[in-house]
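Computed from heavy atoms alone, side chains included, the values below leave out hydrogens, waters and symmetry copies. Order of the sequence lines fixes the chain letters, A, B, ..., with proteins taken first and strands second; residue numbering starts at 1 for each chain. Worth saying up front: this structure is predicted, and the values here are computed from it rather than measured.
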Amino acid sequence: MPELPEVESARRVLADGALHRRIADVDDHDDYVTRPLTPGALRSALIGRTFTAAHRRGKSMWLTVSGDRDDPTDPADPDASSGDPDLGIHLGMSGIVVVTGPSAPEVSGPDLVGGDYRRDREQFVDRGAYQRFAVTFADGGRMRLLDPRRLSRVRLDPDIQALGPDALGLTAKAFRTAMTAGRRVSTAPVKARLLDQSVLAGVGNLLADEALWRAKINPGRGVDTLSTAQLNRLGRAVQSALTDAIARGGVHTGDVIAARKSGARCPRCGGAMVSGVVGGRTTWWCSKEQR
DNA sequence: ACTCGTGTTAGCTG
DNA sequence: TCAGCTAACACGAG
């Protein structure tokens with residue numbers, strides 16, 4: 001289930017495999033995943049075009065689409081300058097993307113898979129179960145969105161502006177600004193603020209627990225009760241949690257994630273790990289170090 | 001059978 | 001209007 005690191009892996013898959021291939025067909029039958037669009041809307045918006053770039057902010061991705069169905073180099077084409085749609089893709093809790101190469105055997109390689117795909121690969125990827133959206137390219141290859149729970153979203157022109165700054169690469173000062181800006185009061189628990197995608201984009205439930213544990217801050221502490229030094233420490237902890245997760249292959253590799261279960265001990269001090277609900281999500285923290 | 005979930009969001013409350 | 005919280009969403013896994 002993807003947070004920023006898994007979504008970045010999915011974006012790379014799209015950037016490496018889905019660009020500059022002419023779109024010949026679109027499967028947009030799943031009107032829950034594409035809501036409020038109805039089947040056929042995405043199909044007619046995409047057929048004949050190409051994806052030109054793959055972007056990400058937080059856990060949201062979008063593909064820019066060539067504005068010209070016939071001659072992408074023609075500056076006189078009225079479609080070329082304005083009104084080009086972006087294809088928004090959000091993997092939700094359980095989505096992955098799979099890109100297959102051209103059908104010609106001499107150029108086809110292994111499928112590119114992005115997202116959290118630690119489940120049974122044969123069942124989930126190779127068999128192509130749970131297909132919720134797909135694009136077939138003119139070369140015979142495909143880009144598919146697979147998602148058993150159907151909590152993924154595919155839309156046109158996603159509102160990226162509604163998201164806060166991408167969590168990856170934020171300086172401690174920019175992190176503090178994001179966490180405290182635009183509010184008269186900040187009584188919410190710090191974990192709830194970390195999870196608010198309009199404040200900071202990309203941190204999910206596991207990364208929030210990991211970063212708060214690294215910074216030795218109790219998840220239930222109100223944002224207003226944290227010192228500047230604590231916020232700086234948390235900002236740096238978010239960065240190290242993110243870069244470690246990307247380097248190690250996913251948020252599930254975090255230092256404290258394996259200790260999110262009853263009876264577990266803190267990997268740093270040996271204190272008892274305890275759990276509760278903070279920000280509406282199951283939360284684990286060290287009873288000794290995170291007071 | 002029953003509970004839970006690495007995400008988002010409409011709708012409610014004070 | 002704002003800030004914060006809860007339930008609901010869909011469906012597989014334990």
From [options], nucleotide with atom closest to [X] side chain:
X	options	answer
A:R183	B:dT9, C:dC11, C:dA3	C:dA3
A:A192	B:dG7, C:dC5, C:dA3	C:dC5
A:Y130	C:dG12, C:dC5, B:dT8	C:dG12
A:M93	C:dG4, C:dC9, B:dG5	B:dG5
A:R155	C:dC11, B:dG5, B:dT9	B:dT9
A:L151	C:dA3, C:dC5, C:dA10	C:dA10
A:Y32	B:dG7, C:dA10, C:dC5	C:dA10

Spacing between [X] atom [atom1] and [N] atom [atom2], to the nearest angstrom:
X	N	atom1	atom2	result
A:R150	C:dA8	CZ	C1'	15 Å
A:D159	B:dT9	CG	P	10 Å
A:E3	B:dT8	CD	C1'	14 Å
A:K191	C:dC5	NZ	P	13 Å
A:I96	B:dG7	CD1	C1'	17 Å
A:D196	C:dC5	CG	P	11 Å
A:D147	C:dC11	CG	C1'	10 Å
A:L4	B:dT8	CG	P	11 Å

Inter-nucleotide C1' distance (C:dG12, B:dT9), Å rounded: 22 Å
Looking at [Y], is its backbone amide N or carbonyl O close enough to the side chain of [X] to form a donor-acceptor pair, meaning the two atoms are under 3.5 Å apart?
X	Y	value
A:D86	A:W62	no
A:S287	A:V274	no
A:T136	A:A24	no

Hey, does A:T282 reach any base, or is it just sugar-phosphate, or nothing, if we go heavy atoms under 4.0 Å? sugar-phosphate
Under 4.0 Å, heavy atoms only, any strand: does A:G204 hit a base, just the sugar-phosphate, or nothing? sugar-phosphate
So A:F137 and A:F51, would you call those rings parallel, tilted or perpendicular, with 30° and 60° as cut-offs?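 Ring orientation, 0 to 90° scale: perpendicular.
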Pair partner, C:dT6 [Watson-Crick or wobble, under 3.5 Å]: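 Across any shown strand, C:dT6 pairs with B:dA10.
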I want to confirm an ordering. Mapping A:N205 and A:R35 to their closest nucleotides on DNA chain B, which one lands closer to the 5' end?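 It is A:N205, whose closest nucleotide lies nearer the 5' terminus.
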Under 4.0 Å: is that the gap between some side-chain N or O of [X] and OP1 or OP2 of [N]?
X	N	answer
A:R281	B:dG5	no
A:T187	C:dG4	yes
A:H90	B:dT8	yes

Validate the cation-pi geometry between A:R260 and A:W213: distance from NZ or CZ to the six-membered ring centre under 6.0 Å, angle to the ring axis within 45°.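 Relative to the ring axis of A:W213, which defines the angle, A:R260 lies outside at least one limit.
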Within the modelled atom types, does a donor on one side and an acceptor on the other bring the side chain of A:R149 and the base of B:dG5 under 3.5 Å apart? yes
Testing the 3.5 Å rule here: is there a donor-acceptor pair between the side chains of A:D147 and A:S94? yes
